[in-house]
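First up is the structure itself, then whatever we jot down about it.
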Number of protein chains: 2
Amino acid sequence: MAGTRERARAATTADILCIAREQMAALGAEGLSLRAIARELGMVSSAVYRYVASRDELLTALIIDSYDRLGAAAEVADRGVRRRADIRARWRAVANAIRDWAMTNPSEYALLFGTPVPGYAAPQDTIGPATRYTLVLVQLLADLDATGVVRDTPVPKALRADIARLRDVFGVPVHESTLVVGLSAWAALMGAINLELFGHLHNVVDRPGALFEAVVAQHGELLTGGTIGGRTASNPT
Amino acid sequence: MAGTRERARAATTADILCIAREQMAALGAEGLSLRAIARELGMVSSAVYRYVASRDELLTALIIDSYDRLGAAAEVADRGVRRRADIRARWRAVANAIRDWAMTNPSEYALLFGTPVPGYAAPQDTIGPATRYTLVLVQLLADLDATGVVRDTPVPKALRADIARLRDVFGVPVHESTLVVGLSAWAALMGAINLELFGHLHNVVDRPGALFEAVVAQHGELLTGGTIGGRTASNPT
DNA sequence: GAAAAGCGAGAGCACTGCTCACAATTCTGT
DNA sequence: ACAGAATTGTGAGCAGTGCTCTCGCTTTTC
């Protein structure tokens, strides 16, 4: 029977990834052990090396898969908003999706956005899937630009050249001022999730999720609102 | 000679911490090895257990020390601004100090704000030093309030109760709207540093530091500027 | 000066990633 | 159909880890 071997190989490879994910959820990326996986599979430890070259390679596979799942979650959240022109609603949806994914898969989120494994340079294979969730956000900015919102956000001169690259990479035309607020919203989003998920808010705020809500609301306004800065009556100008 | 033993003990304890820091800088927190420290000290591995109870305890000591250094860096940066009323300048100074500290001590920063060690609940000892750098930011908000800036930033109702705690913890009176923009700025700051330091910008922007600059500039305006949102001519209301 | 406390050495346990030679199995080309 | 090749699992083994325990030696304390 041709292909039997291939199917068996694919099956145990999938088993290994599955067990690895469970192990990571239980003990963190640190506690990922090939020997434990082998035990779980009823094999001797050296046997799993027939399927995965090293512990780092397994980690890389998990990273790629996690990026993919996160990207998928962001995409379905964005597509779930019927009124495509309501950028603020889409931003909220995507931001919440990313946070929800992080909260339900904390170890995988930590694998992606926590401390990088030292001496472990992300292989080229990971940068593709990594851009998936980012692309959702960039597309949001492009669609926002299409609605004709004008911003007087100052764009630091030094940033223009750097930001030009983003257009090239993603192939989406976005105004510089939009990119600035977009990048800022991205950073705030990830920062809020990190602070909450990694337990830095326990002594600051009663309900850790509060920070996230505030950040999303504020940057939602910043993205779609328009003007920021200056020009308040009590501003001592 | 009385106290000889004590001084020797303090000396080797300091040596252990020092070597541990070097090791972490070289190999990351993952690569911190008590046996390697013992080798470096010319002792047998079991001897270092006279000075440190376990690897986790060493990690905790490093965390406390790192929080302390970060807090000190933030404090001197803030104090370095002569015009105390120039909140924006102080914000820039503190933000830059935190980023600089992170860039020059990446492994220690990762220890504080990266993936928490699984199953390792931050001991009570760490929460004191952890608030030191936070206090600098909160004090900034209090001083900002004292300048009389008025904001019409909407404060989500659900946040009020949560935020009240911050006042209690730090004992500094701050308006709710100020706290909202302050927390948001904090999240954005940490998010930008994380994204840059952990290498998530390499495929997005030419110069990774660009995101940080944009975030600091924007939230500097948000903090000290006043109004945000709405009210633009082209805003389709 | 004797008792107590602290310190370093060394052996040992259980665990890890990873390699290698060997045997059993399955696939493939003629 | 059968021989040769490729694949898969086994078990031993190496080097490393955190940590424990006992045994002497030194310093401090009473």
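Proteins come first, then strands; the chains are lettered A, B, ... in the order of their sequence lines, and each starts at number 1. From a predicted model like this one, the values you see are computed outputs, not experimental measurements.
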Once you apply a heavy-atom cut-off of 4.0 Å, does [X] come out as touching a base, just sugar-phosphate, or nothing?
{"X": "A/L41", "answer": "nothing"}
{"X": "B/S54", "answer": "sugar-phosphate"}
{"X": "B/L32", "answer": "sugar-phosphate"}

Separation of [X] atom [atom1] from [N] atom [atom2], in whole Å?
{"X": "A/M43", "N": "D/dT7", "atom1": "CE", "atom2": "C1'", "value": "13 Å"}
{"X": "A/D56", "N": "C/dC18", "atom1": "CG", "atom2": "C1'", "value": "12 Å"}
{"X": "B/L34", "N": "D/dG18", "atom1": "CG", "atom2": "C1'", "value": "7 Å"}
{"X": "A/E57", "N": "C/dC18", "atom1": "CD", "atom2": "P", "value": "10 Å"}
{"X": "B/E30", "N": "C/dT16", "atom1": "CD", "atom2": "C1'", "value": "12 Å"}
{"X": "A/R55", "N": "D/dG16", "atom1": "CZ", "atom2": "P", "value": "18 Å"}
{"X": "A/R7", "N": "C/dT26", "atom1": "CZ", "atom2": "P", "value": "14 Å"}
{"X": "B/L58", "N": "D/dT17", "atom1": "CG", "atom2": "P", "value": "14 Å"}

Item checked: 5'-most by nearest nucleotide on DNA chain C - A/R39 or A/S46 -> A/R39
Check: Taking the side chain as C-beta and beyond, is there a heavy-atom pair between A/L211 and A/V205 under 4.5 Å?
Finding: no
Notebook entry, point to check: With side chains defined as the heavy atoms from C-beta onward, is the minimum distance between B/W91 and B/L189 less than 4.5 Å?
Noted result: yes
Notebook entry, point to check: Does the pair B/E213/B/R207 count as a salt bridge with the N-to-O cut at 4.0 Å?
Noted result: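 Salt bridge present between B/E213 and B/R207.
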Using only side-chain N and O atoms of [X], determine if any of them is under 4.0 Å from OP1 or OP2 of [N].
{"X": "A/S33", "N": "C/dT16", "value": "yes"}
{"X": "B/Y51", "N": "C/dG6", "value": "no"}
{"X": "A/R50", "N": "D/dA6", "value": "no"}

Notebook entry, point to check: Can you tell me if B/E57 uses its side chain to pair, donor with acceptor, with the backbone of B/A53 under 3.5 Å?
Noted result: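 Yes, because the side chain of B/E57 sits within donor-acceptor range (under 3.5 Å) of the backbone of B/A53.
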Notebook entry, point to check: Which of these nucleotides, C/dC27, D/dG11, D/dT27, is closest to any side-chain atom of B/R5?
Noted result: D/dT27
Check: How many angstroms lie between OG in B/S66 and CE in B/M24, if you round to the nearest 0.5 Å?
Finding: 6.0 Å
Margin query: Quick check on contacts: within residues 9-25 of chain A, what sits under 4.0 Å from DNA chain D by heavy-atom distance?
Written below: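 The answer is A/R9.
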Checklist line | Pairwise 5' ranking along DNA chain D for A/R35 and B/Y49, keeping only the more 5' one | finding: A/R35
Note to self: Both B/S45 and B/E6 contact DNA chain D. Which one's nearest nucleotide lies toward the 5' end?
What the structure shows: B/S45
Next item on the list: Fit a plane to each ring of A/H200 and B/F113, take the angle between them on a 0 to 90° scale, and name the class: parallel (under 30°), tilted (30 to 60°) or perpendicular (over 60°).
Entry: tilted
Item checked: Nearest heavy atoms of A/L223 and A/A185, plus distance in Å ->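 Looking at all heavy atoms of both residues, the closest pair is CD1-CB, 4.3 Å.
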